[in-house]
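Side chains included, hydrogens not; waters and symmetry mates left out as well; all remaining heavy atoms used. Just so it is clear: chains get the letters A, B, ... in the order the sequence lines come, proteins before strands, and each one is counted from 1.
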2 protein chains.
Amino acid sequence: MNSLTEENYLKTLFILSNETGEVNVIDLSKRLNIKMPTVTSMMKKLADKKLVYYESYKPLRLTEKGKKEAGIIIRKHRLTEMFLVKVMGFGWEEVHEIAEQLEHTRSPSFFEKMDEMLGYPKLDPHGSPIPDKNGKVEWKKYSKLSDCKTGDTLKLAAVIDSSEEFLKFLNSRELKLGLKVKVKSIEPFDGTMVISYGKKQSETLSHTVTERLLGELMDI
Amino acid sequence: MNSLTEENYLKTLFILSNETGEVNVIDLSKRLNIKMPTVTSMMKKLADKKLVYYESYKPLRLTEKGKKEAGIIIRKHRLTEMFLVKVMGFGWEEVHEIAEQLEHTRSPSFFEKMDEMLGYPKLDPHGSPIPDKNGKVEWKKYSKLSDCKTGDTLKLAAVIDSSEEFLKFLNSRELKLGLKVKVKSIEPFDGTMVISYGKKQSETLSHTVTERLLGELMDI
DNA sequence: TAATTTTGTTAGATGAATCTAATTTTGTAG
DNA sequence: CTACAAAATTAGATTCATCTAACAAAATTA
């Protein structure tokens, strides 16, 4: 059995690997807000447990066992988020913090019950895929809004950042998953975009925002 | 903010105080499965935080602040149990262990939402009172079945033990809260009782069982 | 390629929560 | 009232997860 702390390292390493291919000590260190020496020693510990491959000065990689355990934690996190939104009526901006705590609950039946009540959902409220019971996930290949060109239309499908601040910002602009947004113009200097969607004819979004929005490019 | 460990000491001290008046180091030690020296040092720590009164060789007592914080943890535990039973459909024998973990969740809105969904319940599935938001509880003065005399009728209102094993035993005999049970005979040697209730004309219960069942004595 | 910066590791310390062994205090039974 | 037993405390060790400081390796820049 892994400690709560170990679970957080596994989960973060898993997510970081999927975000950016190679993960270094410093990346984990920054994401977890933990100093590098601490990360190094935890990696050695997880290597002893056959959860990560660790070689000095090499990128960090989860073993298959590590991926499975990380996937299961992420499954619990995302099921919880979905439960909080669909069953308990929370807003999508409120659930990340709570799920961060509940994901460590040791009770398979608790999460099975959630899954059942939710009708075995495939995505969480932020559009991220929910791993299956073996921790396996299919990551969809979405486009970032920030990579779109003028004239492109993107159907929003997921956010990269589930923080309360970011989601409150999206709420304030009535930006939701499922919306089709059209790129009206892009400022070459800093990437600021003007987009239209729903009733909004022109809404300006910074690069910081557009690079956190994912979706499917529409043909039209 | 108290650690999860500190919360467990506070909660257990609170419950033990209500069960048995005076609580000694050894009682807490046994209940928590933690050796006495560890308990002593934690009591000193909690005394520094003004959560317990601690004097060497004296019984342990919570301060008002300690009672409030313990009460709030117990509130979260019992609301969670009720939620698991009423909203998620768990059996009353399954919820204690899960609630033991969820009670440490730091999210007032999570528990407020539960409370609201449940319609502000006053009792948990085991008949124990749910403390209010300030941690205050009214403990009802129930009678133990083991204290009843032949001919008495007791309306079951609560169990003293929420363990899965005990509750599964009750399930197997179809013993539920709300039932009226009548004492048909008591074995003077070991206190074994024969009772009748519902369709059961004579069910034999050991003292171990009868002292864990509480209820209101009926007039008739 | 040499110098500098960035990244990573080693060594050693700290605080929390636990333990065991030894000692002391309190309570109880002759 | 002494002796023994039970309960509690003190002292010191251990494990986990963290840190800082110092050093080493790798990557980058000049």
Quickly work out the [X] [atom1] to [N] [atom2] distance and round it to whole Å.
X	N	atom1	atom2	answer
N2(A)	dC16(D)	CG	C1'	14 Å
L46(A)	dC16(D)	CG	P	12 Å
I34(B)	dT9(D)	CD1	P	16 Å
M43(B)	dT10(D)	CE	P	14 Å

Determine whether D115(B) and K133(B) satisfy the following criterion, salt bridge (charged side-chain N to carboxylate O under 4.0 Å, His left out), listing intermediate values before the conclusion. CA-CA 10 Å; D115(B) 199 20; K133(B) 288 183 184 171; 5.1 Å; no

| query | Under 3.5 Å, is there a donor-acceptor pair between the H77(B) and D124(B) side chains? | reply | no

Checklist line | Lys NZ or Arg CZ of K67(A) over F14(A) ring: under 6.0 Å, within 45° | finding: no

Salt bridge E203(B)-R173(B), side-chain N to carboxylate O under 4.0 Å: yes

Parallel, tilted or perpendicular, judged at 30° and 60°: which one describes the rings of H126(A) and W92(A)? parallel

Query - Under 3.5 Å: donor-acceptor pair, side chain of K30(A), backbone of V25(A) - result: no

Any side-chain to backbone donor/acceptor pair from D152(A) onto K149(A)? Under 3.5 Å, distance only.
yes

Scanning both residues in full, the closest heavy-atom pair of N8(A) with L32(A) reads O-CD2, 3.9 Å

Stems of at least 3 consecutive Watson-Crick or G-U wobble pairs (donor-acceptor distances under 3.5 Å) involving DNA chain D, listed by first number, are C:1-30 with D:1-30

From the list E69(A), E103(A), E6(A), salt bridge (Lys or Arg N to Asp or Glu O under 4.0 Å) partner of K11(A) resolves to E103(A)

Contact check, residues 4-18 of chain B vs DNA chain D, heavy-atom distance under 4.0 Å, returns none

Which is it for Y53(A) and K58(A) under the side chain to side chain contact (heavy atoms under 4.5 Å, CB included) test, yes or no, and what are the steps along the way? CA-CA 9 Å; Y53(A) 298 115; K58(A) 294 277 169 63; over 6 Å; no

Its contact letters, B for base, S for sugar-phosphate only and - for none at protein heavy atoms under 4.0 Å, make nucleotides 6-12 of chain C read -SBBB--

